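Worksheet: the structure to be examined is printed underneath.
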2 protein chains.
Amino acid sequence: MHKETHVTSSNIVRDIIIGMADGLTVPFALTAGLSGVLDTSHLIIVSGVSEIAAGCISMGLGGFLAGQTEVEHYDAELKREYDEVERVPETERKEVEEIFMSMGVDEALSKQVTLQISQDKEKWVDFMMRYELGLDKPDKNRAYQSAITIALAYLAGGFIPLFPYLVTSNNQHGFYWSCAITILALLVFGYFKSKVTGQPLLKGTLKVAFTGILAAAAAYIIAKMIS
Amino acid sequence: MHKETHVTSSNIVRDIIIGMADGLTVPFALTAGLSGVLDTSHLIIVSGVSEIAAGCISMGLGGFLAGQTEVEHYDAELKREYDEVERVPETERKEVEEIFMSMGVDEALSKQVTLQISQDKEKWVDFMMRYELGLDKPDKNRAYQSAITIALAYLAGGFIPLFPYLVTSNNQHGFYWSCAITILALLVFGYFKSKVTGQPLLKGTLKVAFTGILAAAAAYIIAKMIS
């Protein structure tokens with residue numbers, strides 16, 4: 001038996017990756033940038049925590065509201081398609097036929113298939129939603145879960161670069177340790193991300209680490225320049 | 001002539017929305033948070049600019065690398081599908097038939113349609129990519145353009161809340177003006193976003209403004225609490 005082994009990762013893993021990628025990068029870059037110009041690690045912590053709170057809410061709530069909008073958009077289009085197969089069935093049938101012809105099916109057969117699909121209004125609308133509009137039915141609960149998962153992953157990721165500043169009052173030490181553990185965390189995260197998304201491990205890992213390091217370097221240099 | 005008027009926004013508009021939504025929210029929240037605890041507006045500016053640099057790179061470069069990965073993933077799956085229609089054509093034909101049967105087409109007709117599609121290997125693989133795997137051909141140049149657009153929109157959005165701190169040395173004044181112009185900007189942005197994405201205008205506008213205000217309030221309260 002032939003088995004399809006295309007790599008897919010579960011939604012929750014995907015959300016953790018989304019939240020953690022930014023969570024490890026932006027608070028790391030911000031605190032690294034500030035460590036070069038602020039006197040006490042206390043202010044770095046305040047900035048880092050503020051950023052994490054803002055980032056969590058922006059990504060989490062923003063994602064949740066976007067998910068809600070997607071549900072509303074889907075419902076509106078669904079209603080419209082039901083309305084259209086009722087009002088202008090011939091035009092809608094023509095659209096289905098054209099989709100089949102673009103797949104490489106000849107006209108006569110396209111008409112036949114279309115006739116069968118349009119027997120059942122639900123299947124017909126389902127077909128239009130999916131293959132004409134490219135819309136998959138969004139899950140309202142998913143938006144909620146997704147928002148929480150992304151926000152928590154951002155939070156977890158963001159606390160890694162912040163941690164060293166919490167245990168030392170020396171900014172310079174905090175900065176070195178923050179770089180060390182965050183780069184390590186980026187490498188570990190990049191490795192797992194590459195693994196679950198089926199990317200080449202070395203290349204995928206380095207991409208993640210490179211993004212974080214570049215962001216931190218830019219923030220550090222810019223903060224030094226303008227302060 | 002019946003005309004489909006489903007709302008779609010161009011890719012570039014979509015990217016501007018993605019970048020600006022976060023750009024208006026996170027730097028606003030961060031600078032608002034810090035304005036309550038830092039003595040000089042200078043440090044707020046340094047923090048804000050550092051955050052904007054980090055956010056631009058994380059969203060821009062992160063998005064670019066993700067786009068690249070998508071292209072690689074697509075190419076790998078394409079190669080695999082070409083390989084499969086060569087090695088196990090019967091199994092692949094069965095998969096096409098099953099897709100048609102799930103659309104509401106009967107078995108005999110599904111077999112006929114499948115036979116036609118599988119005449120042309122390119123169309124066949126195209127069908128599998130699209131309707132079995134749900135993958136659309138990604139555009140490599142798009143990833144590049146998209147990254148630049150998102151980063152610039154983040155930059156543009158981020159400078160709005162920062163601007164008042166640049167023109168006043170009084171933190172309190174900076175904070176009030178930053179709130180005023182950023183909330184105004186969030187409302188204007190929310191309005192245009194709702195317009196181009198076809199959402200109800202009032203609701204869509206308020207959602208965007210609410211996210212920004214909540215993020216700023218959270219950052220402000222948290223910064224006050226821990227400082």
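For clarity, every value in this text was computed on a predicted model and none was experimentally measured. Within every chain, numbering begins at 1; the chains are lettered A, B, ... in the order of the sequence lines, protein sequences first and strands thereafter.
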Go through the atoms of [X] and report whether side chain, backbone, both or neither lie under 4.5 Å from a heavy atom of chain A.
X: B/Ile222; value: side chain
X: B/Ser102; value: backbone
X: B/Leu109; value: side chain
X: B/Glu51; value: both
X: B/Leu38; value: side chain
X: B/Glu72; value: side chain
X: B/Phe28; value: neither

Which answer fits [X], side chain, backbone, both or neither, if we ask what part of it has an atom under 4.5 Å from a heavy atom of chain B?
X: A/Asp136; result: neither
X: A/Asp120; result: neither
X: A/Leu115; result: neither

Among [options], which residue has the highest count of heavy-atom pairs closer than 4.5 Å to chain A?
options: B/Lys123, B/Gln119, B/Met225, B/Lys203; answer: B/Lys123
options: B/His42, B/Gln68, B/Met103; answer: B/Met103
options: B/Val37, B/Asp106, B/Val208, B/Val113; answer: B/Asp106
options: B/Ser47, B/Ala218, B/Cys56; answer: B/Ser47
options: B/Gln112, B/Met59, B/Glu122; answer: B/Gln112

Kindly compute the distance separating [atom1] ([X]) from [atom2] ([Y]), expressed to the nearest 0.5 Å.
X: A/Arg130; Y: B/Tyr131; atom1: CZ; atom2: OH; value: 11.5 Å
X: A/Thr211; Y: B/Ile57; atom1: OG1; atom2: CD1; value: 9.5 Å
X: B/Phe100; Y: A/Ile117; atom1: CZ; atom2: CD1; value: 7.5 Å
X: B/Asp22; Y: A/Asp22; atom1: CG; atom2: CG; value: 7.5 Å
X: A/Ile226; Y: B/Ser50; atom1: CD1; atom2: OG; value: 6.0 Å
X: B/Glu70; Y: A/Thr197; atom1: CD; atom2: OG1; value: 12.0 Å

Open item on the list: Could you check whether B/Thr69 and A/Lys207, counting side-chain N and O atoms only, form a donor-acceptor pair closer than 3.5 Å?
Closed with: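 Yes, side-chain donor-acceptor contact under 3.5 Å.
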Open item on the list: Only pairs of heavy atoms separated by less than 4.5 Å count here; which of A/Ala29, A/Ser58, A/Ala53 has the most with chain B?
Closed with: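 Among the listed options, the one with the most contacts to chain B is A/Ser58.
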Open item on the list: Under a 4.5 Å cutoff for heavy-atom pairs, which residue among A/Leu61, A/Asp126, A/Ile221 has the most contacts with chain B?
Closed with: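 It is A/Leu61.
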Open item on the list: Any non-hydrogen side-chain atom of A/Leu30 less than 4.5 Å from a side-chain atom of B/Leu30?
Closed with: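 With C-beta onward as the side chain, the pair touches.
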Open item on the list: Please determine whether the number of non-hydrogen atoms from other residues, nucleotides or ligands lying under 6.0 Å from atom CZ of A/Phe192 exceeds 12.
Closed with: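 Incorrect, the count does not exceed 12.
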Open item on the list: Does B/Tyr82 have more than 12 heavy atoms from other residues, nucleotides or ligands lying within 6.0 Å of its OH?
Closed with: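 Above 12, so yes.
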